[in-house]
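Every chain is numbered from 1, with letters handed out A, B, ... down the list of sequences.
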There are 2 protein chains.
Amino acid sequence: MSQQRHGNTPGNADGGRAGSVTAFPDLPEATIARLPEYLRALHNLGEAGADTVSSEGLAAAAGVNSAKLRKDLSHLGSYGTRGVGYDVALLIDQIEYVLGLDQRRAVCLVGLGNLGHALAGYDGFASRGFKIVALFDADPSKVGEEIQGLIVRHIEELGRVAVEENIAIGVIATPAGAAQAVADVLVDAGVTSILNFAPCVLSVPSGVDVRKVDLAIELQILSFHEHRKASLTALPGGRSATAAGNQEAVGS
Amino acid sequence: MSQQRHGNTPGNADGGRAGSVTAFPDLPEATIARLPEYLRALHNLGEAGADTVSSEGLAAAAGVNSAKLRKDLSHLGSYGTRGVGYDVALLIDQIEYVLGLDQRRAVCLVGLGNLGHALAGYDGFASRGFKIVALFDADPSKVGEEIQGLIVRHIEELGRVAVEENIAIGVIATPAGAAQAVADVLVDAGVTSILNFAPCVLSVPSGVDVRKVDLAIELQILSFHEHRKASLTALPGGRSATAAGNQEAVGS
DNA sequence: AGGCGCTTGTGAAGGCGTGCACAAATCGCG
DNA sequence: CGCGATTTGTGCACGCCTTCACAAGCGCCT
Ligand SMILES: NC(=O)c1ccc[n+]([C@@H]2O[C@H](COP(=O)([O-])OP(=O)(O)OC[C@H]3O[C@@H](n4cnc5c(N)ncnc54)[C@H](O)[C@@H]3O)[C@@H](O)[C@H]2O)c1
Ligand SMILES: NC(=O)c1ccc[n+]([C@@H]2O[C@H](COP(=O)([O-])OP(=O)(O)OC[C@H]3O[C@@H](n4cnc5c(N)ncnc54)[C@H](O)[C@@H]3O)[C@@H](O)[C@H]2O)c1
C-alpha cells in the first residue's frame, strides 16, 4: 500500500524538486497557502475604495505579520512602491494570475448528501474563480435531481463529462468508505486536483494533488487546547477581567 | 494557519520544568495536528480486529512518514513495545486523553443556513467526542425550527445557554459580515475555542483559539498547483523528467 | 539459554519558515 | 532642487520540523 501524498518532498533521494522548471519562481508552500488570504483582503479593500495599501495595512487585514507579507509578495516580484505601498488592483491581478484564477476552473462535486447539497448551493465558489459544472452521485434516487440549475448525474458518467467539460478539480463529499473509489474514478477521468471532505487518507498517483478538509480534526485540535487551558486554569486566580468585552479592533 | 498563535514560551530554554504547570509535556503544534489523524487510523485498525500495529503500519494508515509518527508518539511517552509495535487500544486511550476527548465536549453552532444545516445533521461529531448542544441564528424565521432534535434559538439566548450547557466550542457558519459580531458574543459567553467557516479574519482576545476552514482557499491552492502543472506540460518533452531547461522567470 | 530478527525511541543534520532590523527607493513639500 | 518622511525589499539569525540512521530493547525460536 503506497499512499502517496500530494506535493513534492515524497521520499527525497528521488528526482528531487520537480517544480523547479515552471514558469514561476518556486514559491514556498507556506506562501502559496497565504496568497488566497491576501487576495480576499485585497478584494475587501478594493471594494472599500482603497487604491493602495501598505504592507502593514494589508497584513492586518489578512491577519499576518507585515514582514512575512512583504517577503511573500517579494517572491512574486516587485509590485510595491516604496514610500507608498501596493497598488490594490495591480496586486489583485498579479496574485490571481499566479494562482491561475484568471481562467475560471471547472469543478465537479461527487456525493450529494447533506454536505454535498450545501456545497452545491454555495455561491462562494463563483465569486472566487471557480464554477461547479457537474454533480455526481451513485444513488439512483439522487440522480436526476436538480440542484442550483444542475442535474445530478450518475457517477458512471463522470469519465465522459469530465473530458467534455474539461474538469480539473474534483470535490469528494461521499462517505469515507466510498472516497477512495471515487478518487480512482476521478483520476482515471484525468482530474489532477482533489478536495476531499471524507475522513480518510486517499491514495493517488504522483502528479495528483489532494487536499483534505476534516471537521472533526479541527475540533479535536481545539479540544486539545481546551484541555490544556483547563489544566492551567486549575490554578487560583480564576478568570481575569474578560467580562468587559472585546478590546481588540481590526485596524484600518 | 490561523492568525492567532497560541504559543507562549516567549523566551525558550525550557530546560525541564519552565513555568508551565500543565499536565502535558509541551507537544509541538505540528504533532497535535496529526494526533487526530492517528486516532482515526487507530479506530479503523481496531475495528478491523488488530490488537497491535507497527509504526510502519500506522504511518501508512495515517498517510505520514513512520519516523515522524514514532517521534510524535514518543512525545506522549513510551507506549510501544520494541519488536512488537503499539497496543491499539492503549494508544487510542492515550491519544484521546491527551486530546481531552474522554470528556465529551459541548459544541454550539451559530448560523443555520445552507452550511449550518449540513453541519447540524452531521453524525461525525458524536462519534468523535463532540456533542452539538445548541443551535443559534439571528433570523426570526429560522428560530424555532427543529433540526435533528434541537430547536434553533435566537442568538440573544447564547450567553445564557452557553453557561447552562457549559459550551466550550463555538462553530460559526454565518456570512462573513456577521462573523466578527458572533465571535464577540461567543467570547463574552465564555467560549474559548471557535471554529470559523466564514471567509474572514476574526479578532479575539488572547486565550481564545480560532481555527478557520475556508473552502475557497483550499480550491485556490489546488488551482495554483493546476496552473503550475499546466505550465510544466506546456514545455516540450512533456515527460516528468527534469531534463535540461533552466528555470526562467516570467518577464515583468 | 542464547541468538536472531524485528521494532521502537532518539541523536544529529539539514531544510524551511519566521521575524527583526535596516539599507534602498520613492514621494511630497518647501 | 533637495530634504525628510515613509515604506518596500531583503540579509541574517534563530527555532521548529522533518528525515535519516542506528543503538537499545523485546519476543520468539532453536
Ligand atoms: N455533513 C457534514 O457536515 C460533514 C462535515 C464534515 C465532513 N463530512 C463528510 O462528508 C462526507 C459526506 O457527508 P454527508 O453528511 O453529506 O453524507 P451523506 O450520507 O448525507 O451523503 C453521502 C452521499 O454520497 C453518495 N455516495 C455514496 N457512495 C457514493 C459513490 N461511490 N459514488 C458517488 N456518490 C456516492 C450517497 O448517495 C450520498 O448522497 C462524509 O464523508 C462525511 O464524513 C460531512
Ligand atoms: N454553503 C457552503 O457550502 C459553504 C462553504 C464554505 C463556506 N461557507 C461559508 O459559511 C458561511 C455560511 O454559509 P451558508 O451558505 O450557510 O450561508 P447562508 O446565508 O445560507 O446562512 C447563513 C445563516 O446565518 C444566519 N445569520 C446571519 N447573521 C447572523 C447573526 N448575526 N447571528 C446569527 N446568525 C446569523 C442567517 O440567518 C442564515 O441562516 C458563509 O460565511 C459562507 O461563506 C459556506
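Taking atom CD of residue E56(B) and atom P of nucleotide dT19(D), one finds them 13 Å apart after rounding to whole Å. Atom pair L76(A):CG and dG9(D):P shows a separation of 10 Å (rounding to whole Å applied). A straight line from CG of L69(A) to P of dG19(C) spans 12 Å, rounded to a whole angstrom. When the P atom of dC16(D) is taken as reference, atom CG of D72(B) falls 15 Å away, rounded to whole Å. With rounding to whole Å, D26(B) atom CG is found 15 Å from dC17(D) atom C1'. dT8(C) atom P lies 17 Å from atom CD of Q94(B), rounded to whole Å. Spacing between atom CZ of R34(B) and atom C1' of dC16(D) amounts to 11 Å, rounded to whole angstrom units. The interatomic distance linking K68(A) (NZ) with dT7(D) (P) rounds to 21 Å, in whole Å.
Among the duplex regions that DNA chain C forms, those built from at least three successive Watson-Crick or G-U pairs under 3.5 Å are C:1-30 with D:1-30, ordered by first number.
Donor-acceptor pairing under 3.5 Å is lacking for the side chains of D209(A) and S193(A). Counted by atom type alone, S203(B) and Q180(B) present zero donor-acceptor pairs between their side chains at under 3.5 Å.
The phosphate of dG9(D) has OP1 or OP2 within less than 4.0 Å of a side-chain N or O from Y86(A). For the pair S55(A) and dT8(D), the criterion of a side-chain N or O lying under 4.0 Å from OP1 or OP2 is met. Taking 4.0 angstrom as the limit, T81(B) places none of its side-chain polar atoms (N or O) nearer than this to OP1 or OP2 of dC26(D). Taking side-chain N and O atoms only, N65(B) has a distance below 4.0 Å to OP1 or OP2 of dC20(D).
The shortest distance between side-chain heavy atoms of F197(A) and L215(A) does not fall below 4.5 Å. Under the 4.5 Å side-chain criterion, counting only non-hydrogen atoms from C-beta, L58(B) is in contact with L91(B). Under the 4.5 Å side-chain criterion, counting only non-hydrogen atoms from C-beta, V182(A) is not in contact with V185(A). The shortest side-chain heavy-atom distance between F224(A) and P36(B) does not fall under the 4.5 Å cut-off.
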Between the protein and nucleotides 28-30 of chain C, which nitrogen or oxygen pairs are less than 3.5 angstrom apart?
none

Tabulated below should be each protein N or O lying under 3.5 Å from an N or O of nucleotides 10-13 of chain C; please produce it.
{"from": "dG11(C)", "atom 1": "O6", "to": "K71(B)", "atom 2": "NZ", "distance (Å)": "3.2"}
{"from": "dA12(C)", "atom 1": "N6", "to": "K71(B)", "atom 2": "NZ", "distance (Å)": "3.1"}

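In plain terms, the two heavy atoms of S66(A) and A59(A) that are nearest each other are CA-CB, 3.5 Å. What you find for V88(B) and L42(B) is that their closest heavy atoms are CG1-O, 3.7 Å.
A distance of 9.5 Å separates CG in L35(B) from CG in L69(B), rounded to the nearest 0.5 Å. Here CG of L39(A) is found 5.0 Å from CD of E96(A). Values are rounded to the nearest 0.5 Å. The CD1 atom of I221(A) lies 8.5 Å from the CG atom of L99(B); values are rounded to the nearest 0.5 Å.
Nearest-nucleotide assignment on DNA chain D puts the 5′-proximal partner with G77(A), out of G77(A) and P28(B).
With respect to L202(A), the side-chain contact (heavy atoms from CB on, under 4.5 Å) criterion is satisfied by exactly one of L186(A), D184(A), V210(A): V210(A).
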